[in-house]
Peer 1: 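First the structure, then my questions, so here it is.
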Amino acid sequence: MTPGHFIILSAILFSIGGVGVLIRRNALIVFMCVELMLNAANLAFVAFARMHGNLDGQVIAFFVMVVAAAEVVVGLAILMQIFRTRRSASVDDVNLLKY
Amino acid sequence: MLLAEETHAVTQAVSGGVEGGSWLLIGFPLFGAAVLLLGGRRTDKWGHLLGCLMSLASFAYGLVLFFQMLGRPASARSHSVHVFEWIATGAFKVDVGMLLDPLSLSFVLLITGVGSLIHIYSVGYMSHDENRRKFFAYLNLFVAAMLLLVLSNNFVGLYIGWEGVGLASYLLIGFWQHKPSAAVAAKKAFVVNRVGDLGLSIAIMLMFATFNNVSFEGVFAHVGEAHSGTVTAIGLLLLLGACGKSAQVPLQSWLLDAMEGPTPVSALIHAATMVTAGVYLVVRSNPIFNASPDAQLVVTIVGAVTLLAGAIIGCAKDDIKKALAGSTMSQIGYMILAAGLGPIGYAAAIAHLLAHGFFKAGLFLGAGSIMHGMNEEVNMRKYGALRKYMPITFATFGLGYLAIIGFPGLAGWWTKDAIIEAALEKGTAAGTFLAVAAIVGAALTAYYMSRVMFMTFFGEKRWDEGAHPHESPKSMTVPMMILAIGSIAGGAFLVYGGRLTNFLGPVVGTAEEQHGFNPVTPAGIILFVLMLAGVALAWFQYGRRDVPVTAPRGHLLTWWARRDLGGDAINETLFMRPGQWLTRIAVFFDNRGVDGIVNSIAATIGGTSGRLRRWQTGFVRSYALSMFLGAALVVAALLMVRL
């Protein structure tokens with residue numbers, strides 16, 4: 001297991017997440033894809049920290065998790081409200097704020 | 001030849017005594033105007049009385065100063081009174097000061113004396129006008145501005161008075177501004193005057209550039225040191241200013257329209273203030289004109305042309321006030337002509353000005369009295385036979401008439417003869433030519449004034465239905481009587497024995513050859529014969545025959561004179577139309593050029609942003625895609641640079 005494997009896995013996970021964000025309409029799936037991308041980044045951080053033998057990457061991974069948790073809290077709350085008013089969780093329906 | 005030198009030894013500042021308060025001369029009427037204008041409707045009841053009182057107070061104070069001046073020897077009669085320092089920046093220094101000398105006091109007495117009579121007359125004349133108080137405020141303002149003009153001891157102070165007179169005349173000519181014709185006439189007077197004012201202001205700037213000084217004393221003492229071209233330029237610019245205020249050709253066109261104002265205003269403008277300002281300016285600036293024969297020649301030519309033009313216009317007008325206005329133009333032309341003759345003519349010009357002040361004020365007040373009795377009718381073709389119905393007006397108007405045509409013994413005879421004698425004494429060809437012009441003008445004066453007289457007071461009644469001519473109240477007839485006395489005796493008093501010449505001598509200089517006044521000269525006899533011929537011609541045309549109520553077409557000259565000798569047409573063709581074209585071109589350039597650039601820039605930005613904002617679709621996933629693409633682009637760029 002070299003760091004190279006970890007980075008490749010991280011890239012694959014990030015790409016899956018990115019494609020999911022772009023192509024899925026359901027806001028919940030989009031959320032999960034965002035989480036996937038964040039965790040791909042975490043994986044890369046941790047791998048590099050291990051490779052260089054210091055803790056900076058590990059610490060940043062913790063920060064990312066905190067941010068991700070906060071984001072999920074706010075995002076899900078918004079999602080709840082949208083679903084209550086529109087009876088739909090599709091991100092394409094929420095397009096009133098435009099030109 | 002000329003004794004004009006050393007005439008400007010002005011005794012230095014007196015701060016105490018009667019002279020020290022000479023600013024009160026201006027202060028009284030200015031105070032009256034301020035109270036009446038700021039007090040508003042509250043002063044309606046007694047406003048006219050305050051106006052008269054302030055004018056009379058100024059006159060009384062002027063008399064005190066005058067008699068005190070007479071008590072002094074002739075060489076010590078000029079006093080400069082320092083009032084306060086106004087502008088002091090580096091080399092430029094202007095004090096507000098009064099110059100009390102025989103010339104300025106002659107004007108003070110004319111302005112306040114005749115002005116007061118006109119104030120008193122207006123009490124009766126304007127009694128039915130609900131804005132009478134405002135009228136008196138403007139009259140007081142007019143008198144104050146004119147007094148500042150003649151009393152100031154520097155050109156800047158004179159200029160302020162000059163502009164004040166312009167403002168007051170604008171307000172008064174347009175006093176009945178609900179009539180569009182009056183509003184237009186006021187605007188015209190103001191605009192035409194501005195042209196003259198421009199000449200005066202440039203002259204003052206030129207004086208400052210040349211002499212570093214704008215006080216009379218400082219400028220006149222150094223005229224000899226300046227380049228003769230500069231002095232001529234200053235003289236001509238001063239003449240332009242004088243032309244504007246005194247309604248001389250080519251700036252004469254406002255005067256006839258100015259008849260739209262109430263009649264007392266016409267009397268004030270034509271007799272005591274305003275049009276006399278130009279004559280004052282030329283006579284006051286005598287050292288400048290003495291130093292420049294070219295400028296003097298132009299002054300005399302302007303005077304001669306105007307006196308003939310005014311007389312011809314006067315012959316053709318059926319409106320009594322416009323006929324009198326033509327006559328004013330003509331008489332002021334005489335004064336300007338005399339003033340252009342140099343030291344021989346200055347005293348003659350002022351003598352004619354003072355005498356004219358009496359008889360022209362009398363004539364205008366008489367015309368106002370006739371209009372007052374005839375339902376404001378001004379067309380002389382609808383008068384006739386009024387002598388029986390308005391005996392006092394007839395008598396006073398008649399005396400003014402005899403004075404202006406130069407009937408032997410009356411005011412105009414003395415002063416007009418003095419001007420013609422002065423022109424002949426010049427001895428040059430130009431002098432003879434001017435004298436001939438003046439004599440022809442006198443014959444025309446006799447004709448058109450007789451025409452006015454016969455059409456108004458003699459012949460058959462040609463009144464409109466409903467006209468009930470009646471004599472005017474005492475407040476109007478008494479000033480007319482006083483002015484009539486001046487018309488009889490004024491000329492002899494001023495001219496006989498060279499009284500005014502000697503009085504003004506220390507200020508304007510005198511010609512060397514002083515000889516006694518001799519009316520029985522060849523020129524005097526020709527003048528008398530031509531005057532009788534003019535009266536006779538008018539009698540045959542208008543006295544003996546019936547006057548048609550509608551004006552006949554007349555021949556070409558009549559047609560031309562009725563249109564003010566094409567004065568308005570020339571102004572419109574030369575200045576108004578090109579000016580309008582200029583504004584149209586400027587507007588076109590502004591709309592299409594300047595606005596075009598600005599508008600097209602705005603339209604480009606607006607259009608572009610209108611297209612760009614279509615990017616904001618509202619679809620979250622498209623935003624996400626652009627973010628991904630952007631990030632990919634940044635990463636690709638970084639990699640490219642790295643490699």
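In the text below, chain A, chain B and the rest are named by the order of the sequence lines, each starting its count at 1. Note that these values count all heavy atoms, side chains included, but never hydrogens, waters or copies made by symmetry. As the structure is a computational prediction, the values presented were derived from the model and not from experiment.
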Peer 1: Is it the case that more than 12 heavy atoms not belonging to F63(A) sit under 6.0 Å from its CZ atom?
Peer 2: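 No - once you tally the heavy atoms of other residues, nucleotides and ligands closer than 6.0 Å, there are 12 at most.
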Peer 1: Could you tell me the separation between the OG atom of S622(B) and the CH2 atom of W615(B), rounded to the nearest 0.5 Å?
Peer 2: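 Reported value, rounded in 0.5 Å steps: 9.5 Å.
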Peer 1: Does the pair K188(B)/D568(B) count as a salt bridge with the N-to-O cut at 4.0 Å?
Peer 2: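 Yes, charged N to carboxylate O under 4.0 Å.
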Peer 1: Who in residues 22-34 of chain A is close to chain B, using a strict under-4.5 Å heavy-atom cut-off?
Peer 2: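 Counting heavy atoms that sit under 4.5 Å from chain B, the residues of residues 22-34 of chain A involved are L22(A), I23(A), R24(A), R25(A).
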Peer 1: Nearest heavy-atom pair of V35(B) and T43(B): which atoms, and what distance?
Peer 2: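 V35(B) and T43(B) have their closest heavy atoms at O-CG2, 4.1 Å.
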Peer 1: Are any of the side-chain heavy atoms of L633(B) and L629(B) separated by less than 4.5 Å?
Peer 2: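 Side-chain contact under 4.5 Å: no.
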Peer 1: Just checking heavy atoms, which of residues 68-97 of chain A are less than 4.5 Å from chain B?
Peer 2: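 From residues 68-97 of chain A, the residues near chain B are V91(A), D92(A), V94(A), N95(A), L97(A).
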Peer 1: Does some side-chain heavy atom of D129(B) sit less than 4.5 Å from a side-chain heavy atom of F175(B)?
Peer 2: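 Side chain of F175(B) against side chain of D129(B), heavy atoms only: contact under 4.5 Å found.
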Peer 1: In this structure, are over 12 heavy atoms from other groups packed under 6.0 Å from M627(B) atom CE?
Peer 2: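 Atom CE in M627(B) is not crowded, with 12 or fewer foreign heavy atoms closer than 6.0 Å.
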Peer 1: Should we say atom CZ of R584(B) is surrounded by more than 12 heavy atoms from elsewhere, each under 6.0 Å from it?
Peer 2: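 Enclosed.
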Peer 1: Any side-chain heavy atom of R621(B) sitting closer than 4.5 Å to one from V21(A)?
Peer 2: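 R621(B) does not reach V21(A) side chain to side chain.
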